[in-house]
Amino acid sequence: MINKLLGIVPNASEHGYLVDHFLEFCHWFMAVLFVGWSLFFLYTIFRFHRSRNPKANYHGVHSKASAHLEFSVVLIEAVLLLGFGLPLWGKRVTSDSFPDAGEALRVHAIAEQFAWNFHYPGPDGVFGRQSTEYIKVSPIGLDPNDPAGKDDIVSKNELHLVTHKATVVEITSKDVIHGFQLQHMRISQDAIPGSRIPVWFRPTVAGEYELICSQLCGAGHYAMKALTVVGSQTEFDTWMKEAMTLQHPELVQPAAAPAAPAAQ
Ligand SMILES: [Cu+2]
């Protein structure tokens, strides 16, 4: 409830409700602390007003109540961090929590000032080699001589995913530090040049979402966003076929010719 009040976007991923529960609890806890400390503040202003205490008290407080209260707050915060926050994070980032390579949809996300490039392995399921020496001929530095890259799909500012299919996104950057943030999927990971960092999630609700850059990365940061389309496998395949037709017409034409009469 408090999440909604604070404007959280609806969850559209399998693990998102765990993040939401955690946020919900943290927000309620902070609300209680805020109200509690505010009341205490008002009480001190009233209780220790100059008119009631013309002479300063050089001994101060004798009661241990405030120390106990402070310790309880620290204890609850430690339990939140170590008992809930870390395990939740661990489930996202440890290698044994990742889905099997064959089961998941795999995408590379390559950030740049100020756009998102996505790299799909194409029908062969193998990503082509990438190297900085080819950055002038391909926005993601795809090696034109690598046969594995001949059918790869590169899309700009458009990420396509499949509902209920585990998705592994390997995130990197071409220039400065960016942030890959899919709020509806409750996923956020910095894009760091020189590193390829995987994240995984399972989208559960079809729709169009916004992927934003969550790190202030330069003058065009405000406009650095990409459309994320989550749909059925058929919708994904249709998009992939269109992309193949545009980017590798030589690979699709033989298959497209017999399909045309069948559709009529
Ligand atoms: Cu950015």
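Both counts, for ligands and for their atoms, begin at 1 and track the order of listing. Each residue takes its place number in the sequence, starting with 1. Bear in mind the structure is a predicted one, so any value in this text is a computation, not a measurement.
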Asks: Report yes if the side chains of Ile45 and Phe41 come closer than 4.5 Å at any heavy-atom pair, otherwise no.
Replies: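 Ile45 reaches Phe41 side chain to side chain.
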Asks: Ignoring hydrogens and angles, state whether a donor on the side chain of Trp28 or Glu24 is under 3.5 Å from an acceptor on the partner side chain.
Replies: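 Yes, Glu24 and Trp28 have a side-chain donor paired with an acceptor closer than 3.5 Å.
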Asks: Mind checking whether His160 and Ser155 have side chains closer than 4.5 Å, heavy atoms only?
Replies: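 Of all side-chain heavy-atom pairs linking Ser155 with His160, none is under 4.5 Å.
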Asks: Quick one: do the Ser232 and Glu235 side chains pair a donor with an acceptor below 3.5 Å?
Replies: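 The answer is yes; a qualifying pair exists.
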Asks: Between Phe25 and His21 (judged by ring centroids, cut-off 6.0 Å), do the two rings come close enough to count as a pair?
Replies: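 That pair fails the under 6.0 Å test.
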Asks: What protein N/O/S atoms are found closer than 2.8 Å to the Cu ion (ligand 1)?
Replies: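 Correct list: His178 ND1, Cys213 SG, Cys217 SG, Met224 SD.
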Asks: List the residues meeting side chain to side chain donor-acceptor pair (under 3.5 Å) with Glu77, not counting sequence neighbours, and say none if there are none.
Replies: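 Result, side chain to side chain donor-acceptor pair (under 3.5 Å) vs Glu77: none returned.
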